[in-house]
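Here is the structure we will look at, set down as structure tokens.
Basis for what follows: all heavy atoms, side chains included, without hydrogens, waters or symmetry-related copies. Residue numbers start from 1 in every chain, and the chains themselves are labelled A, B, ... in the order their sequence lines are given, proteins ahead of strands.
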Amino acid sequence: MSLYIALKSIVGLIALWIFVYYLWRDYRLDSFRDDVFSIRDQMFVFAANGNITFDHPAYTILRNRMNVLLRYGHAFTLTRLVLIKLTHPLLKNDLMEKWESAVEQLPVETQVRMKEFNLRLTVSVFQHIVYSSFFRYVMVRPFMFLINPFRMTDMKERVIVVFTVEHLESDAVEQEARQGRRAHAVVV
Amino acid sequence: MATPPSRKPPRTELDFHLAFKKLDVLTIIGREIIKWGGLVLLGRYVYLAIAILAGKSTFADIGVRFLANIKVTDAIIFFLVSGGWAYGIGQRRLRRRHIEHVIKSKNELEKILDSKRTSSDLTEKGTTRPGDEL
């Protein structure tokens, strides 16, 4: 191998390293946050139009979940998801149960919209987990033109995926609660 | 004398927190090993490339030979790639500056309708807070 090719390869590999570990991760995280902000804004407008009150638990719980996802989006990785699923397969998500019972109190049309916001959120998290690795993106993305597992109608049927993603979210919500308690303790 | 069978006490919330924290640490350690291990491997290749030439060529020789070998197609690829990087990084900076401009007024307007409006606690540019980084 000539010196020229060796130097070119080294420069290329260093550039690829920076791209994969810094630029790509930042881009995917920003893209994920943009998705969640968009869902949160749409839900806000939905509430502002009088469809649901701002203090209804179905609204506040889902909004808080979105806030937590926005804040800890950088912590959602496939490795973490797999590890949590393997070590805590039967962990219950109390917050989601509360949210579901709060949604059931709403009129049917509002229920449908709130569930749609929730599902879109789950799809965004799942998509973020899959695409956060550049190599995974390169491997998976081309097939999305043929089969798109992130389609909402398909995702509705995949209860396990929804449940698994909610697992990861509940961990982040608890992390947020822990930090909140710690901050409160410091202030007190 | 037979000992009574030991029963595992039920796991408390703190046990779960500890378990999740351990998983976090495990994930971070694995990620950092792969990330910096890759860079160390790259460093080794650079070292090997230099070691082969030690005593045979000077840096000036290498530079001249490198430049002499550059083809037009390589130069085009170089400008295309570096241009793409500059464009992407510039766009990102612009987007973050735009978010910083519009977010304050948007949040204040939302607070008029929802006085108890909760926030994501991100920075004004929409990036991760320094204390939250893993």
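When all heavy atoms of A:H74 and B:D132 are compared, the closest pair comes out as NE2-O, 2.7 Å. The minimum heavy-atom distance linking A:T79 with B:T27 is given by the pair CB-CG2, 4.0 Å.
In terms of heavy-atom pairs under 4.5 angstrom with chain A, the leader among B:Y45, B:W36, B:F78 is B:W36.
A salt bridge links A:R80 with B:D24: at least one charged nitrogen is closer than 4.0 Å to a carboxylate oxygen.
If you measure heavy-atom distances from B:I99 to chain A, you find no contacts under 4.5 Å at all. Neither the backbone nor the side chain of B:K125 comes within less than 4.5 Å of any heavy atom of chain A. Of the two parts of B:L113, the backbone and the side chain both hold a non-hydrogen atom closer than 4.5 Å to a non-hydrogen atom of chain A. Heavy atoms of A:F37 lying under 4.5 Å from chain B belong exclusively to its side chain.
Separation of atoms CZ (B:R117) and OG1 (A:T60) is listed at 14.5 Å; rounding is to 0.5 Å. Put simply, CG on A:D26 and CZ on B:R96 are 5.5 Å apart, with the number rounded to the nearest 0.5 Å. Separating the CG atom in B:L23 from the OG1 atom in A:T87 is a distance of 4.5 Å, to the nearest 0.5 Å. For the atom pair B:R92 CZ and A:L23 CG, the distance stands at 6.0 Å (nearest 0.5 Å). To the nearest 0.5 Å, the span separating CG on A:N67 from OG on B:S120 amounts to 5.5 Å. Rounding to the nearest 0.5 Å places CD1 of A:I18 at 5.0 Å from CH2 of B:W85.
A continuous path of hydrophobic side-chain contacts links A:L78 to A:V125 [ILVMFWY only; heavy atoms under 4.5 Å]. Note: the hydrophobic cluster containing B:I103 does not contain A:M66 (ILVMFWY, side chain heavy atoms under 4.5 Å, direct or indirect links). Using a 4.5 Å cut-off between side-chain heavy atoms of Ile, Leu, Val, Met, Phe, Trp and Tyr, with links allowed through other members, A:Y131 and A:F135 fall into the same hydrophobic cluster. At a threshold of 4.5 Å between side-chain heavy atoms, the hydrophobic network of Ile, Leu, Val, Met, Phe, Trp and Tyr places A:V20 and B:L39 in one connected group. Placement of A:F76 and A:L86 within a single hydrophobic cluster is found when ILVMFWY residues are connected by side-chain heavy-atom separations under 4.5 Å, directly or transitively.
Environment of CZ in A:R136: crowded, with over 12 heavy atoms of neighbouring residues, nucleotides or ligands closer than 6.0 Å. The local environment of NZ in B:K106 is crowded, with over 12 non-hydrogen atoms from other residues, nucleotides or ligands closer than 6.0 Å.
In this structure, A:I14 and B:L42 have side chains that are in contact, with non-hydrogen atoms separated by less than 4.5 Å. The side-chain heavy atoms of B:T128 and A:R33, taken from C-beta on, include a pair separated by under 4.5 Å. Side chains of A:Y21 and B:I34 form a contact here, defined as non-hydrogen atoms less than 4.5 Å apart.
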**OP:** Check the pair A:W17 / B:K35 against side-chain contact (heavy atoms from CB on, under 4.5 Å), numbers first and verdict last.
**Re:** CA-CA 8 Å; A:W17 186 85; B:K35 181 177 164 182; 3.8 Å; yes
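Side-chain contact check for B:T118 and A:R63: at least one donor-acceptor pair (N or O, by modelled atom type) lies under 3.5 Å.
Near-neighbour residues of residues 41-52 of chain A relative to chain B, defined by a heavy atom under 4.5 Å from a heavy atom of that chain, comprise A:D41, A:F44, A:A48.
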